[in-house]
Amino acid sequence: MSTFKGAIVVDKNRCKGCALCVLACPKGVISLAVRKVNVHGYPYVEPVDLDRCTGCSSCAIVCPDGCITVYRKKLENENGE
């Protein structure tokens with residue numbers, strides 16, 4: 001069975017800090033930034049544990065402003081599959 005490695009990129013200047021993605025992430029990869037705001041004065045989300053990201057895209061699906069881009073890479077198993 002293949003496994004996947006994911007990565008997310010957040011457009012911090014478009015994020016309004018609604019935190020829907022934080023709630024949607026099953027692996028706890030995303031969190032609201034502590035004492036940081038974007039150019040519009042909103043707190044924003046940022047990845048805090050990318051090693052756990054599977055690329056499921058739950059965060060991007062629930063983001064009302066389309067601020068999250070998800071990348072997903074298939075990892076080969078030990079058999080080279």
Side-chain angles (χ1 to χ4, degrees):
M1 182 170 178
S2 299
T3 58
F4 292 91
K5 173 74 177 140
I8 64 167
V9 176
V10 178
D11 184 342
K12 295 175 182 175
N13 288 328
R14 290 181 55 206
C15 180
K16 294 179 183 173
C18 70
L20 291 174
C21 57
V22 175
L23 298 173
C25 181
K27 299 292 185 176
V29 174
I30 308 167
S31 181
L32 273 173
V34 179
R35 290 189 233 156
K36 296 178 187 176
V37 294
N38 61 19
V39 295
H40 303 289
Y42 292 112
Y44 54 85
V45 296
E46 59 187 359
V48 292
D49 194 358
L50 273 179
D51 290 335
R52 295 175 55 181
C53 184
T54 61
C56 71
S57 297
S58 293
C59 56
I61 292 168
V62 301
C63 181
D65 296 313
C67 301
I68 301 174
T69 303
V70 178
Y71 297 95
R72 190 174 191 198
K73 179 179 180 181
K74 184 176 180 179
L75 300 176
E76 292 184 10
N77 62 21
E78 293 177 4
N79 298 329
E81 295 176 2

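In this text, all values refer to a predicted model and were calculated from it rather than measured experimentally.
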Exercise for the section: Check the surroundings of atom NZ in K5: do more than 12 heavy atoms from other residues, nucleotides or ligands lie under 6.0 Å from it? Expected result: yes
Problem - Flag side-chain contact, heavy atom, 4.5 Å: C25 against S58 - result: no
Fill in the blank from the handout: d(C67 SG, K16 NZ) to nearest 0.5 Å is 8.0 Å
Practice task
Drop me the distance from K74's NZ to F4's CZ, to the nearest 0.5 angstrom.
Solution key: 6.0 Å
Practice task
Tell me, with the steps shown, if C63 and L20 meet side chain to side chain contact (heavy atoms under 4.5 Å, CB included).
Solution key: CA-CA 7 Å; C63 181; L20 291 174; over 6 Å; no
Completion exercise
CD1 (I61) and SG (C56) are apart, to the nearest 0.5 Å, by 7.5 Å
Problem - Single-linkage hydrophobic cluster, 4.5 Å side-chain cutoff, I30 and V62 together - result: no
Handout entry: Verdict with reasoning, Y71 to V9, per side chain to side chain contact (heavy atoms under 4.5 Å, CB included)
Key = CA-CA 8 Å; Y71 297 95; V9 176; 3.7 Å; yes
Practice task
Give the cluster check for I8 versus V22: same hydrophobic cluster or not, with ILVMFWY residues linked at side-chain heavy-atom distances below 4.5 Å.
Solution key: yes
Handout entry: D65 side chain to C15 backbone, donor-acceptor under 3.5 Å
Key = no
Practice task
Identify whether I68 and Y42 are in the same connected component of the hydrophobic contact network (ILVMFWY, side-chain heavy atoms under 4.5 Å).
Solution key: no
Practice task
Return the minimal non-hydrogen interatomic distance between V70 and A60, and the atom names on each side.
Solution key: CG2-CB, 3.8 Å
Practice task
Drop me the distance from R72's CZ to S57's OG, to the nearest 0.5 angstrom.
Solution key: 7.0 Å
Handout entry: Heavy-atom side-chain contact between Y44 and K36 under 4.5 Å
Key = yes
Practice task
Answer yes or no: is there a side-chain heavy-atom contact under 4.5 Å between V10 and P47?
Solution key: yes
Practice task
Say whether, by atom type as modelled, one donor and one acceptor occur between the side chain of R52 and the main chain of K27 under 3.5 angstrom.
Solution key: yes
